Amino acid sequence: MTALASVIVDPAAYRPSDDEPFMSERQLAYFKGKLMDWKDDILRESKGTVVNLKAETENHPDLVDRASSESDRALELRTRDRQRKLISKIDEALRRIEDGSYGYCEETGEPISLGRLEARPTATLSVEAQERHERRERVHRDD
């Protein structure tokens with residue numbers, strides 16, 4: 001366990017700022033707590049989904065009701081699949097916190113802005129690198 005475990009940051013009382021050293025223990029603890037809370041929320045919601053899907057096994061005699069129910073179920077499952085992928089990204093961000101690479105662009109090695117990390121704690125690219133990546137994707141997609 002790292003020294004990070006001993007640093008407890010109250011997200012309601014603390015916001016990372018550019019006035020402090022980038023990815024200080026306090027900032028890392030803040031983002032770790034934010035990621036853990038986000039993951040816990042997703043897992044809690046997914047447990048509710050499992051309960052709802054099990055309860056929703058009734059057979060609807062009306063075709064419209066059955067179609068509506070199946071559509072709702074498919075949407076719920078797609079949402080859960082997206083959240084499953086998000087949990088993988090959260091776990092990867094937590095690993096980067098532990099290995100010291102969190103907050104730095106995978107492409108350039110430059111710091112990712114605190115504003116970007118605040119909005120998207122799983123970000124692995126700086127805004128500039130992400131824009132370049134998206135431009136390349138558009139060019140290749142248009143081919």
Side-chain angles (χ1 to χ4, degrees), residues 1-60 64-143:
M1 192 57 98
T2 65
L4 188 58
S6 64
V7 178
I8 298 174
V9 176
D10 178 10
Y14 171 76
R15 286 283 179 259
S17 93
D18 293 326
D19 298 339
E20 57 190 323
F22 187 72
M23 288 301 122
S24 63
E25 280 190 27
R26 194 171 185 199
Q27 285 183 356
L28 288 170
Y30 170 80
F31 284 112
K32 183 176 183 175
K34 185 173 181 126
L35 288 161
M36 296 292 289
D37 289 347
W38 194 11
K39 183 178 175 179
D40 290 345
D41 288 345
I42 292 169
L43 291 173
R44 198 173 14 267
E45 286 176 20
S46 67
K47 287 177 184 166
T49 297
V50 170
V51 170
N52 288 341
L53 290 176
K54 284 182 180 177
E56 179 76 27
T57 58
E58 60 198 52
N59 192 0
H60 299 286
V64 174
D65 289 344
R66 186 178 310 155
S68 176
S69 178
E70 287 299 318
S71 176
D72 291 348
R73 177 180 239 148
L75 177 63
E76 186 71 29
L77 290 172
R78 276 194 309 272
T79 300
R80 290 299 152 232
D81 187 50
R82 270 191 228 111
Q83 289 182 331
R84 178 186 56 80
K85 292 174 185 172
L86 179 57
I87 286 175
S88 297
K89 288 182 178 186
I90 291 170
D91 287 340
E92 180 57 34
L94 291 169
R95 276 191 291 281
R96 287 193 315 273
I97 286 173
E98 294 303 319
D99 73 18
S101 64
Y102 182 80
Y104 295 92
C105 179
E106 287 182 342
E107 197 171 283
T108 65
E110 295 292 316
I112 299 172
S113 73
L114 291 175
R116 177 160 170 75
L117 290 172
E118 187 71 42
R120 183 177 287 274
T122 58
T124 59
L125 299 173
S126 65
V127 171
E128 297 81 12
Q130 182 67 38
E131 287 172 349
R132 280 192 304 273
H133 176 73
E134 289 173 3
R135 275 195 301 274
R136 280 192 304 266
E137 273 187 347
R138 262 183 266 140
V139 168
H140 293 295
R141 186 180 35 199
D142 291 342
D143 289 346

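No experiment lies behind these values; they were computed from the predicted model shown. Side chains are part of it too, since the values below use all heavy atoms of this structure and drop only hydrogens, waters and symmetry mates.
- In this structure, SG on C105 lies 8.5 Å from CD on E128, to the nearest 0.5 angstrom.
- The distance from atom CG of D37 to atom NZ of K32, rounded to the nearest 0.5 Å, is 12.0 Å.
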I would like to know whether E76 and R73 meet salt bridge (charged side-chain N to carboxylate O under 4.0 Å, His left out); could you show each step before the answer? CA-CA 5 Å; E76 186 71 29; R73 177 180 239 148; over 6 Å; no

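- The shortest distance between side-chain heavy atoms of V127 and Q130 does not fall below 4.5 Å.
- The two residues F22 and G103 have their closest heavy-atom pair at CZ-O, 3.1 Å.
- Listed here is the closest heavy atom pair of W38 and P121: CZ3-CD, 3.9 Å.
- Residues satisfying the salt bridge (charged side-chain N to carboxylate O under 4.0 Å, His left out) criterion with R82, sequence neighbours excluded, are absent altogether.
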Apply salt bridge (charged side-chain N to carboxylate O under 4.0 Å, His left out) to R44 and D41, showing your working. CA-CA 5 Å; R44 198 173 14 267; D41 288 345; 2.5 Å; yes

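- In terms of the salt bridge (charged side-chain N to carboxylate O under 4.0 Å, His left out) criterion, D72 has no residue partners (sequence neighbours excluded).
- Looking at E98 and R95, no side-chain N of the basic residue comes within less than 4.0 Å of a carboxylate O on the acidic one, giving no salt bridge.
- For the pair T79 and E45, the minimum side-chain heavy-atom distance is 4.5 Å or more.
- Remark: of the listed residues R15, E20, M23, M23 is the sole one forming a side-chain contact (heavy atoms from CB on, under 4.5 Å) with L114.
- In this structure, CG in L117 is found 4.5 Å from CZ in F31, a value given to the nearest 0.5 Å.
- Between K85 and D81, at least one side-chain N (NZ, or NE/NH1/NH2) sits under 4.0 Å from a carboxylate O, which counts as a salt bridge.
- Heavy atoms only, all atoms of each residue included: L125 and H133 are closest at CD1-CB, 4.3 Å.
- Rounded to the nearest 0.5 Å, atoms OG (S113) and CD (E118) are 10.5 Å apart.
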Before you tell me yes or no, could you show the steps for L94 and I90 under side chain to side chain contact (heavy atoms under 4.5 Å, CB included), namely the whole-Å CA-CA distance, both residues' side-chain angles and the distance that decides it to 0.1 Å? CA-CA 6 Å; L94 291 169; I90 291 170; 4.1 Å; yes

Under the side chain to side chain contact (heavy atoms under 4.5 Å, CB included) criterion, do T124 and I112 qualify, and how do the steps go? CA-CA 8 Å; T124 59; I112 299 172; 5.5 Å; no

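- Taking each heavy atom of G109 and Y104 in turn, the nearest pair found is O-CD2, 3.6 Å.
- Summarising the geometry, atom CG belonging to D40 is positioned 11.0 Å from atom CG belonging to L35; distances are rounded to the nearest 0.5 Å.
- The aromatic rings of Y14 and Y30 sit perpendicular to each other, their planes meeting at more than 60°, with 30° as the lower class boundary.
- Residues in residues 103-115 take part in these salt bridge (Lys or Arg N to Asp or Glu O under 4.0 Å) pairs, two or more places apart or across chains: E107-R132, E107-R136.
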